Amino acid sequence: MFPEVAAESPLLQSLNPEQRAAVTLPNEHALILAGAGSGKTRVLTTRIAWLLATGQIGPGNVMAVTFTNKAAKEMMTRLAAMLPVNVRGMWIGTFHGLCNRFLRAHYKLANLPQSFQILDTQDQLSAIKRLMKQNNVDEERFPAKETQWYIAGLKEEGLRPNAVDVRTEEDRRKVEIYQLYEEQCQREGVVDFAELMLRSYEVLRDNDPIREHYQRRFHHILIDEFQDTNKLQYAWIKMFAGAQNSVLAVGDDDQSIYAFRGARVGNMSDFVSEFSVRHQIKLEQNYRSYSNILDSANELIAHNKTRLGKNLRTDQGAGEPVRIYEAPTDMAEAQWMVEEVRNLVRDDNRRNEIAILYRSNAQSRVVETALFNAAVPYRVYGGLRFFERAEIKHALAYLRLLENPSDDTSFLRVVNFPARGIGARSIEQLQDAARTAGSSLHDAVAQTTGKAGANLAAFVAKVEAMRKETEGLTLREIIEVMLQQSGLIDHYRAERDGADRIENLEELVNAAESFVTQEGFGRDAVALPVDELGKTVLRQSPASQGLDPSLPEVNEPAPDYVPPDAETGETLSPLAAFLTHAALESGDNQAQAGQDAVQLMTVHAAKGLEFDCVFVSGLEEGLFPSERSLADYGGLEEERRLMYVAITRARKRLYLSHSQTRLLHGQTRYNVRSRFFDELPEHALKWLTPKNQSFGGSAFGFGMGYPTSRSGNSSATGYGRGSSETFASPPVPPQKSEPAHGLKAGMKVFHTKFGEGTVLTLEGSGQDARAHINFPRHGAKWLALSVAKLTPVT
DNA sequence: ACTATGCCGAGAATA
DNA sequence: TCGGCATAGT
C-alpha cells in the first residue's frame, strides 16, 4: 500500500539483510530457518508490525501461533511496543489457546456446551482411572498412565476410536477404553488438551463455510517453533491455508527436541513440498554468543546426518574458551560447580545469569545439596505450578461444580474434601447408581438412600447453596464465598502446615482479580489500532472483506473473550472464563521468582532461554546421550540436538562437566565421558582437568588412574584473583595407585576357577572395585577385582 | 479417617 | 536408593 514508506520504515532499521528479507516477504508461503539467538522473535513481531504499519492488513487479518503462553505473551508485548495496536484483540496465542477460542465461538458445531471445561493432565488421569475402575479394566494390564499416553497419542495423530487400526485383542480393549473415555468426557462436558486441537480441526475440516471464512480472514498465518508441531497441529494449520493467504513457518530443525511427545521435524520439509514454498530464508547471524561457543555448537551439530543445514556466525570475538571439567564423583562435580559459581559471582556476574543445566531431573538433587550447603541461593525450574497445587485444584473443583454440576471429576475430588463422612463405599454406591441411570454423580445423589445418601445430599445441597449465594457476585466475591463455605480455609487453618496453602488460596483470589482487570474480561472497549504514521487504521467491517457477518468479528477484545452465542446472546460467565484461563495457563513453575538466584533446570526447560554463564553437567555416556535414546531410531541425533540447545544457551561462558562415577538408583555407576566431547573443536576448548584419552572409546581403562602428564592449565585467561583455575590443589583427588584393571562392561574375561565370562557391570573404585560377571557355567557372580584373578579374553 | 507398609519405577514436558 | 502411590490395618 505504501511501498516507499515500507522500504524505509523505521521498523526495518537495524535488521540484517536476512531478517529484513523475512520481514518484508510477499504474501506467499515461506519457511524461515532461524538459528539459535538469531533474532527469531524479533523477526516474527516485526513482520506483523510491518504488515500492519504498511496498511497491508488489519489486526484481524493475522494469526500467530506459539507453543507456550510465555512466547505468545512476549510476542504481544513486543508488538505492542512497536505499534499502538490492541494486541489482545488479535489472534496471537498458543495452539490450545486459539483452539479454545475457536471452539467457544463454534461450540454448537463442535457439539460442546458453551462453557465446556478443560481437563489438565492430572484431571485426565483421574478421569481415566475412574473410568477403568468402573468398567473393570485390569489396571495391571492397562496402566492408567499408559492408557492416557495412548489416547493422547492417537488424538494427536488425528485418530478417533473408529479410525484406529486394531490388530490385537489388546488393541481392541485399549480402543474400547478410548471410546468409553470419549463418551465420558462428552457426557460431562469436558475436553482434554488434545481434544481442543482435534475437535477444532474437525470443525474446520467438516464445515466448508467456516473454513473458508477463516481462510479469507487470516491473510497471514505465522507459526513459531514449527519444528515442534505434531501431525495434528500441522493438519490444523493446513485448514487455515487457503488460496489467498500465506503461512510463514519459523523454526529450527537443529533445535527439535520433542520427538518423544509427538513433534515431527519432518513437518518442515513436508511444508516446503506440500505448500510449494518458494521462499526459504536462513537466519544464521547469531547475536548471543562468542565464537568459541558458537564454533562448538556448529561443529557438534554438524555430526548429525539429517538436517536442513545451517551454520551460525557471529561478529563477536572468540571470547572465553569452553571449559571442560572431569570430576571423580557426582558430588565433586557439584562441588566444583558451586566453587565456579562463587567465583563468577565474585567477579560481578549476577546469579540470575548463571544456569546449571542437566539432562534429567534426578540430577538436580546433588547440585541442590551442594548449593544449599554453600548457602548459594538457587532456583529450580519445573516443580508444581500454581494452578496444579492440590489446594488450588480443590478450590477450582468447587468452582467448576458451581459452573457445571455434572463435572464428575471435580465432584469426586471434593465430595469428601474437607472430610464430611463420605467414604469409598458411599461413593461406589453413588457411581453405580449414576451408571445405571446414565446420569452424572450429582444427579444420582437423589436416588441414594440411608445415611450415606444423607451425607451426599448434604454435600449437593451445600454446593447448590453456594451457587445461590454467589449469584450476581463478582468473581472475587464468588471465590471468597466458596473458600469459606466449602470449608477449605477452615480445613487448612487446622492443619499444621496449612499456612502456605492458605496463602496460595489467597493468591488465587488475587489471580482472579487480576484476571478480571488485566485481561479486561467483560469490557467491550477496543482501542483502535493506529499505524506508525499516526493514521488510524480503520476497523474493517466483516462485510467489506467478504466475510460472513454472522461469524466472529474481526476485532475482538480479550484473548479469553468469548463471542456471545449468535442466537441467544449467551456468553461465558467470568467464572467459566477464569476456569478456562486456569486450565490453559497453569502459571509459574519457578519457586521464589524475582530473587537473584542460580538457575537450575533441565536442558529441555532451558530451550528458548539464555544466560551469561552456563554449566552443562553430567555429560556422560548413558546419561547424556541417555541410554534409552540410543535404542530408538534417530535418538542419538535428538540427543545431539539437545546438546546443541544446551551449548547455545550461553552468551559468554560455557562449562561442560562429567563425572567418573555417579550415584544412580542407589548404585554407583561408572560412566564414560560423553561422546559429545569428541565432537567439539579442540581450539575452542580448555580442559581444566587432563583430557584422558582412554575415555572416548579405547578398550582399556574406564576411568581409574590418570596419565602422568598434566596439561591444559597453562594459559589461565580466566578471571584473575586466584580463581579456581590456578590449581591450588588438584581438582581430582589422587586415586589409589591401583593399576587400572582395564575392564569394561561387555568384555569377555577368563577366571581361573569359573572359566570364561562376560562383564555385566562394574562398581566401586580402587580397593573396592567389584565386577558383576556372568559365567555361563556358574551363573553371575560379583567379584572383588583386587582379589579375583581375571584376564581379558581377546 | 488416618497411619503404616509394601511395591514399583526410575526420560525429557507444553497446553 | 528414594519417593510416590495404593492398599491394609487399627
Side-chain angles (χ1 to χ4, degrees), chain A residues 65-72 93-101 118-126 129 133 139-140 143-146 148-149 152 155-156 191-198 200 224-225 228-230 232-233 256-263 330 357-366 381-385 387-388 390 416-426 491 495 580-587 589 601-608 618 622-632 635 638-639 641-643 645-646 662-669:
Chain A
V65 196
T66 66
F67 275 87
T68 63
N69 288 305
K70 199 175 161 209
T94 63
F95 277 102
H96 295 87
L98 296 178
C99 283
N100 171 60
R101 201 193 291 195
I118 299 165
L119 295 185
D120 68 14
T121 321
Q122 286 177 36
D123 300 331
Q124 189 190 23
L125 186 64
S126 66
K129 281 186 180 164
K133 279 216 183 85
E139 285 199 52
E140 298 272 284
K145 274 241 174 68
E146 236 166 69
Q148 179 182 28
W149 182 254
K155 287 192 183 186
E156 280 164 7
V191 297
D192 60 44
F193 287 132
E195 188 69 29
L196 283 171
M197 287 288 330
L198 182 53
S200 39
D224 191 19
E225 305 276 18
D228 288 340
T229 52
N230 62 32
L232 178 57
Q233 286 158 339
S256 160
I257 56 173
Y258 284 115
F260 71 91
R261 68 173 194 212
D330 47 354
L357 310 184
Y358 34 81
R359 171 68 236 263
S360 73
N361 283 309
Q363 288 168 251
S364 79
R365 220 192 154 89
V366 59
Y381 276 61
L384 262 195
R385 290 180 301 174
F387 286 113
E388 290 168 358
N416 198 35
F417 191 94
R420 44 176 78 85
I422 299 172
R425 259 228 63 80
S426 322
H491 176 267
E495 209 174 56
T580 299
H581 168 79
L584 287 176
E585 204 166 332
S586 23
N589 64 356
M601 67 192 84
T602 63
V603 181
H604 282 93
K607 188 174 167 221
L623 240 194
F624 199 174
S626 91
E627 202 157 25
R628 307 178 63 165
S629 71
L630 302 176
D632 38 69
E638 178 144 324
E639 292 291 303
R641 291 192 292 267
L642 194 56
M643 180 67 187
V645 168
R662 187 171 293 276
L663 210 56
L664 196 66
H665 308 326
Q667 286 199 316
T668 305
R669 298 283 299 252

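Since the model is a prediction, treat every value here as computed from it, not as a measurement.
- Between Arg365(A) and dG3(C), a side-chain N or O to OP1/OP2 separation shorter than 4.0 Å is present.
- Within 3.5 Å, a donor on the side chain of Thr121(A) pairs with an acceptor on the base of dA15(B), or the reverse.
- To the nearest 0.5 Å, atoms OG (Ser629(A)) and CZ (Arg359(A)) are separated by 7.0 Å.
- Separation of the P atoms belonging to dC2(C) and dA13(B) is 23 Å when rounded to the nearest angstrom.
- Judged by closest nucleotide on DNA chain B, Arg420(A) is the one of Arg420(A) and Ser629(A) placed further toward the 5' end.
- The distance from atom CD of Glu156(A) to atom P of dT14(B) is 14 Å, rounded to the nearest whole Å.
- Among the atoms of the strands shown, only primed sugar atoms or phosphate atoms (P, OP1, OP2) are found under 4.0 Å from some heavy atom of Thr68(A).
- Taking 4.0 angstrom as the limit, Arg261(A) places none of its side-chain polar atoms (N or O) nearer than this to OP1 or OP2 of dA15(B).
- Distance Lys129(A) NZ to dT7(C) C1': 13 Å, rounded to the nearest Å.
- Contact between the side-chain N/O atoms of Thr602(A) and the OP1/OP2 oxygens of dA13(B) is found at a separation under 4.0 Å.
- Remark: P of dA15(B) and CZ of Phe67(A) are 11 Å apart, rounded to the nearest angstrom.
- Within the 4.0 angstrom heavy-atom criterion, no nucleotide atom of any strand lies near Lys145(A).
- When heavy atoms are screened at a 4.0 angstrom cut-off, Asp120(A) is found touching no nucleic acid atom at all.
- Not a single donor-acceptor pair, N or O on each side, falls under 3.5 Å between the base of dG11(B) and the side chain of Gln363(A).
- What separates CZ of Arg425(A) from P of dA8(C) is a distance of 15 Å, to the nearest Å.
- Atom CG in Asn100(A) sits roughly 16 Å away from atom C1' in dT14(B) (whole-Å rounding).
- Residue Asn69(A) places no side-chain N or O under 4.0 Å from the OP1 or OP2 atom of dT14(B).
- In this entry the distance linking CD of Glu225(A) with C1' of dA13(B) reads 14 Å, nearest Å.
- A donor-acceptor contact under 3.5 Å is formed by the side chain of Arg359(A) with the base of dA12(B).
- Among the heavy atoms of the strands lying under 4.0 Å from Phe193(A) is at least one base atom, whether or not backbone atoms are also near.
- When every heavy atom of Phe193(A) is checked against every heavy atom of Leu584(A), the shortest pair comes out as CE2-CD2, 4.2 Å.
- Across all strands shown, Asn416(A) has heavy atoms under 4.0 Å from sugar-phosphate atoms exclusively, and none from any base.
- Remark: P of dG9(B) and CD of Gln667(A) are 17 Å apart, rounded to the nearest angstrom.
- Regarding His491(A), its NE2 atom lies at a distance of 11 Å from the P atom of dA1(B), rounded to whole Å.
- Within the nucleic acid shown, Glu639(A) comes within 4.0 Å of at least one base atom, counting heavy atoms only.
- Residues Pro625(A) and Leu630(A) come closest through the heavy atom pair CB-CD2, 4.4 Å.
- One finds the NZ atom of Lys145(A) at 10.5 Å from the OG1 atom of Thr121(A) (value rounded to the nearest 0.5 Å).
- For Asn361(A), a side-chain nitrogen or oxygen approaches OP1 or OP2 of dA13(B) to under 4.0 Å.
- Side chain of His604(A) to main chain of Ile257(A): a donor-acceptor pair is present (N/O by atom type, distance under 3.5 Å, no hydrogens or angles).
- Look at Phe260(A) and the base of dA12(B); the rings stack, centres closer than 5.5 Å and planes less than 30° apart.
- Taking CD of Glu195(A) as the reference point, atom NE2 of His96(A) lies at 11.0 Å (rounded to 0.5 Å).
- Side-chain contact of Ser360(A) with Gln363(A): a donor-acceptor pair under 3.5 Å is present, judged by distance alone.
- Taking only side-chain nitrogens and oxygens, Lys607(A) never comes nearer than 4.0 Å to OP1 or OP2 of dA13(B).
- One cannot find a donor-acceptor pair under 3.5 Å joining the base of dA13(B) and the side-chain atoms of His604(A).
- Across the P atoms, dC5(C) and dA12(B) are found 16 Å apart, a figure rounded to whole Å.
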